[in-house]
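By convention in this document, chain letters (A, B, ...) are assigned in the order of the sequence lines, proteins followed by strands, and residues within each chain are numbered from 1.
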Amino acid sequence: MELLNRATRRKRFVKFARVIGNLVATQKYRGLDGVKFLVVQPLNASRQPDGEPYIAADATGQAGPDELVFVIASKEAAFALPNQFVPVDAAVVGIVDDVDDRPLYDAASVAWRVFITQPAQPVPPARAGRRKKASR
Amino acid sequence: MYIGRVKGTVVSTIKHSLFDGHKLMLVTRLNLDGSETGYYDICLDHVHAGVGDLVLVLDEGGSARQIIGKRGLGPARAVIVGVVDRVDLT
């Protein structure tokens with residue numbers, strides 16, 4: 001178990017993060033020209049802040065402040081950028097629209113369950129049929 | 001590779017083109033006794049896993065790219081490669 005816990009501590013991951021700022025560097029490695037850098041706050045699975053903020057390159061090119069993004073670390077981060085052999089260890093690879101992690105079978109979150117527990121609508125009284133004309 | 005539990009789905013429109021057409025799942029890592037470690041990954045889904053499933057997650061870039069069948073280099077890392085039926089510990 002200790003071995004497994006040690007393995008989980010390494011900094012190789014695909015994780016949620018919140019963009020909390022950007023970083024401007026004029027002098028940088030030549031292959032990084034045109035790449036935006038963001039200051040991101042890593043989040044845990046329930047999107048609460050977890051750990052120290054760090055700098056990630058922006059591979060989407062469109063992430064802005066306060067946005068929920070997902071970040072890839074290690075060598076794959078550089079693969080996300082236009083020039084794939086650059087010194088980068090974290091990159092924003094997507095902007096999260098929605099995370100659906102509602103618990104299963106929770107009555108409050110399952111629409112059909114709510115639908116089933118709705119009280120039955122009172123049946124409107126049947127309209128009296130049009131009276132037939134008396135045949136002659 | 002590790003055993004995880006699928007906790008939910010992640011929806012993203014603006015993303016790297018490598019992720020196009022793939023489901024993204026939020027997977028928490030489990031200890032061998034089934035308790036949660038508190039670590040998680042956003043994984044590409046290769047086996048049509050559902051929310052609540054116990055899954056086998058591959059967490060290595062080269063193998064991930066090989067599995068999703070994209071040539072060249074790309075930011076793939078964590079991939080769900082199996083739905084676990086049973087784990088026997090001796």
Contact listing (chain A partner; residues 80-89 of chain B; heavy atom under 4.5 Å): none
So, B/Y40 side chain and A/F16 main chain: donor-acceptor pair closer than 3.5 Å or not? yes
What about A/V14 and B/L56, same hydrophobic cluster or not, with Ile/Leu/Val/Met/Phe/Trp/Tyr joined at side-chain heavy-atom distances under 4.5 Å? yes
At a 4.5 Å cut-off on heavy atoms, which part of B/L18 comes close to chain A: side chain, backbone, both, or neither? neither
Non-hydrogen atoms of A/E76 and B/G61 that approach each other most closely: OE2-CA, 3.1 Å
Pairwise distance CG(A/D101) to CE(B/M25) - rounded to 0.5 angstrom: 11.5 Å
Anything in residues 21-29 of chain A with a heavy-atom distance to chain B below 4.5 Å? Please list those residues in order. none
Heavy-atom distances under 4.5 Å only: say whether A/I95 touches chain B with side chain, backbone, both or neither. both
Tell me, for A/A45 versus chain B, whether the close heavy atoms (under 4.5 Å) come from the side chain, the backbone, both or neither. both
Which atom pair, heavy atoms only, marks the closest approach of B/R77 to A/I72? CB-CD1, 3.6 Å
Mind checking whether B/V11 and A/D100 have side chains closer than 4.5 Å, heavy atoms only? no
Same cluster or not: are A/L32 and A/V40 linked, directly or through other Ile, Leu, Val, Met, Phe, Trp or Tyr residues, by side-chain heavy atoms under 4.5 angstrom apart? no
Sort B/L26 into side chain, backbone, both or neither according to what part of it lies under 4.5 angstrom from a heavy atom of chain A. side chain
Report which part of B/A76 has an atom under 4.5 Å of a heavy atom belonging to chain A: side chain, backbone, both, or neither. backbone
Is there a path from A/L38 to A/Y54 through hydrophobic residues (I, L, V, M, F, W, Y) whose side chains come within less than 4.5 Å of each other? yes
For atom CG of A/D33, decide whether the heavy atoms of other residues, nucleotides or ligands shown that lie under 6.0 angstrom number more than 12. yes
Heavy-atom pair with the smallest gap, counting every atom of B/I42 and A/K15: CD1-C, 3.9 Å
May I ask whether B/V10 and B/L44 are part of the same hydrophobic cluster, defined by side-chain heavy atoms of I, L, V, M, F, W, Y residues being less than 4.5 angstrom apart, directly or through others? yes
Would a distance-only check, ignoring hydrogens and angles, find a side-chain to backbone donor-acceptor pair under 3.5 Å from B/D41 to A/F13? no
Hydrophobic cluster membership, with links at side-chain heavy-atom distances under 4.5 Å among I/L/V/M/F/W/Y: are B/V47 and B/V6 in one? yes
